[in-house]
Amino acid sequence: MQSILIKDKKQLKVAVRRILECISGQKIIAFYGQMGAGKTTIIKALCKTLGVEDIVSSPTFTLVNEYKTTGGTTIYHIDFYRIRKIEEVFDFGIGEYFASGSYCFMEWPELIEEILPPETVRIRITVGDKEQRRLEIL
């Protein structure tokens, strides 16, 4: 397990580089944390670091947002918050996203925990004082 402490948003860029080093090429990344913990903020910073120029926003209503990097690779940002039954994720083709070889950044993965691939990297975000966040990479 790796641990990264983010004291404020100014440290986000450095923290994201450390996340990418820690996951060492793994592409399926699940973010755990309470509402407002910073899952979307961290995913936005990851996308920017990876070369996404589009506006990155939470896919709460669309379930999946697709972004292209300047190099032409695809990144998927998936939000399971509104999932009520596991069958819903099969209906929108979750297996295809996992098998794509592209980054899949997921919010609220605990709602589909039983179908996450074994290679999934789990990042737990704990909220501290003020803007402080602790990331545990499992």
Side-chain angles (χ1 to χ4, degrees):
M1 177 179 79
Q2 295 280 338
S3 185
I4 299 172
L5 181 65
I6 303 172
K7 292 183 180 178
D8 58 44
K9 286 185 180 178
K10 290 180 220 149
Q11 295 183 326
L12 194 55
K13 196 175 195 178
V14 171
V16 162
R17 284 195 202 110
R18 286 207 42 222
I19 290 169
L20 290 170
E21 288 170 14
C22 289
I23 65 175
S24 63
Q26 294 293 335
K27 299 285 180 105
I28 302 173
I29 318 298
F31 290 87
Y32 298 80
Q34 67 191 40
M35 185 76 72
K39 296 179 292 292
T40 302
T41 300
I42 292 168
I43 291 170
K44 283 180 182 182
L46 281 164
C47 288
K48 184 174 182 172
T49 299
L50 291 167
V52 172
E53 293 180 338
D54 298 331
I55 294 172
V56 176
S57 61
S58 179
T60 301
F61 295 101
T62 58
L63 299 178
V64 180
N65 284 348
E66 181 179 321
Y67 310 113
K68 292 284 187 197
T69 67
T70 52
T73 60
T74 302
I75 295 175
Y76 298 108
H77 182 183
I78 308 166
D79 188 331
F80 298 110
Y81 185 74
R82 299 209 177 280
I83 294 297
R84 298 293 164 240
K85 299 182 298 190
I86 200 78
E87 292 78 22
E88 293 176 55
V89 299
F90 293 114
D91 290 345
F92 75 76
I94 192 65
E96 293 173 30
Y97 293 108
F98 290 159
S100 69
S102 297
Y103 279 104
C104 294
F105 297 130
M106 298 176 283
E107 298 187 45
W108 303 102
E110 54 270 41
L111 299 172
I112 65 149
E113 189 71 39
E114 65 267 25
I115 66 163
L116 289 176
E119 69 273 17
T120 301
V121 175
R122 289 163 172 83
I123 299 179
R124 298 200 188 283
I125 305 168
T126 307
V127 178
D129 294 337
K130 300 185 181 178
E131 291 185 39
Q132 191 175 45
R133 302 292 188 268
R134 177 168 303 284
L135 282 57
E136 294 175 356
I137 302 173
L138 311 168

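Below, each value reflects all heavy atoms present in this structure, side chains not excepted, and no hydrogens, waters or symmetry copies. Source: prediction; values computed, not measured.
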Between [X] and [Y] (side chain of the first, backbone of the second, donor and acceptor by atom type, cut-off under 3.5 Å), is there such a pair?
X	Y	result
Glu131	Lys9	yes
Thr49	Ala45	yes
Glu96	Gly93	no
Thr120	Pro117	yes

Do [X] and [Y] sit in one hydrophobic cluster, given that two such residues count as connected whenever their side-chain heavy atoms are within less than 4.5 Å of each other, even indirectly?
X	Y	value
Val121	Ile19	yes
Ile23	Phe98	no
Val64	Val56	no
Tyr103	Tyr97	no
Ile43	Leu20	yes

Taking every non-hydrogen atom, the tightest pair across [X] and [Y]:
X	Y	answer
Leu111	Phe80	CD1-O, 3.0 Å
Ser57	Asn65	O-ND2, 2.8 Å
Ile6	Asp8	CG2-O, 3.3 Å

Side chains of [X] and [Y]: donor-acceptor distance under 3.5 Å anywhere?
X	Y	answer
Arg134	Ser3	yes
Glu136	Thr126	no
Glu113	Tyr32	yes
Lys68	Thr74	yes

Aromatic plane relationship, His77 with Tyr67 - under 30° parallel, 30 to 60° tilted, over 60° perpendicular:
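Geometry flag for His77 against Tyr67: tilted rings.
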
Glu110 atom CD, over 12 foreign heavy atoms within 6.0 Å:
yes

Note, [X] side chain near [Y] side chain (heavy atom, < 4.5 Å):
X	Y	answer
Asp79	Leu63	no
Met1	Ile137	no
Gln26	Glu119	yes
Ile123	Leu138	no
Arg124	Leu135	no
Gln34	Val127	yes
Ile83	Trp108	no
Tyr81	Met35	yes

Which distance, rounded to the nearest 0.5 Å, do you find between the [atom1] of [X] and the [atom2] of [Y]?
X	Y	atom1	atom2	answer
Tyr76	Ile28	OH	CD1	12.0 Å
Lys48	Ile55	NZ	CD1	12.0 Å
Gln132	Leu5	CD	CG	4.5 Å
Ile112	Ile86	CD1	CD1	5.5 Å
Arg133	Lys7	CZ	NZ	15.0 Å
Ser58	Ile78	OG	CD1	12.0 Å

side-chain contact (heavy atoms from CB on, under 4.5 Å) evaluation trace for Phe105 with Leu50
CA-CA 12 Å; Phe105 297 130; Leu50 291 167; 3.8 Å; yes

Please walk me through it: do Glu53 and Thr70 pass side chain to side chain donor-acceptor pair (under 3.5 Å)?
CA-CA 7 Å; Glu53 293 180 338; Thr70 52; 5.4 Å; no

Can you see whether Phe31 has Lys39 sitting over its ring - NZ or CZ less than 6.0 Å from the centre and within 45° of the normal?
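Lys39 over Phe31 ring: no.
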
What verdict does the side-chain contact (heavy atoms from CB on, under 4.5 Å) test give for Met106 and Ile29, after you've listed the backbone C-alpha separation in whole Å, the side-chain angles of each residue and the deciding distance to 0.1 Å?
CA-CA 6 Å; Met106 298 176 283; Ile29 318 298; over 6 Å; no

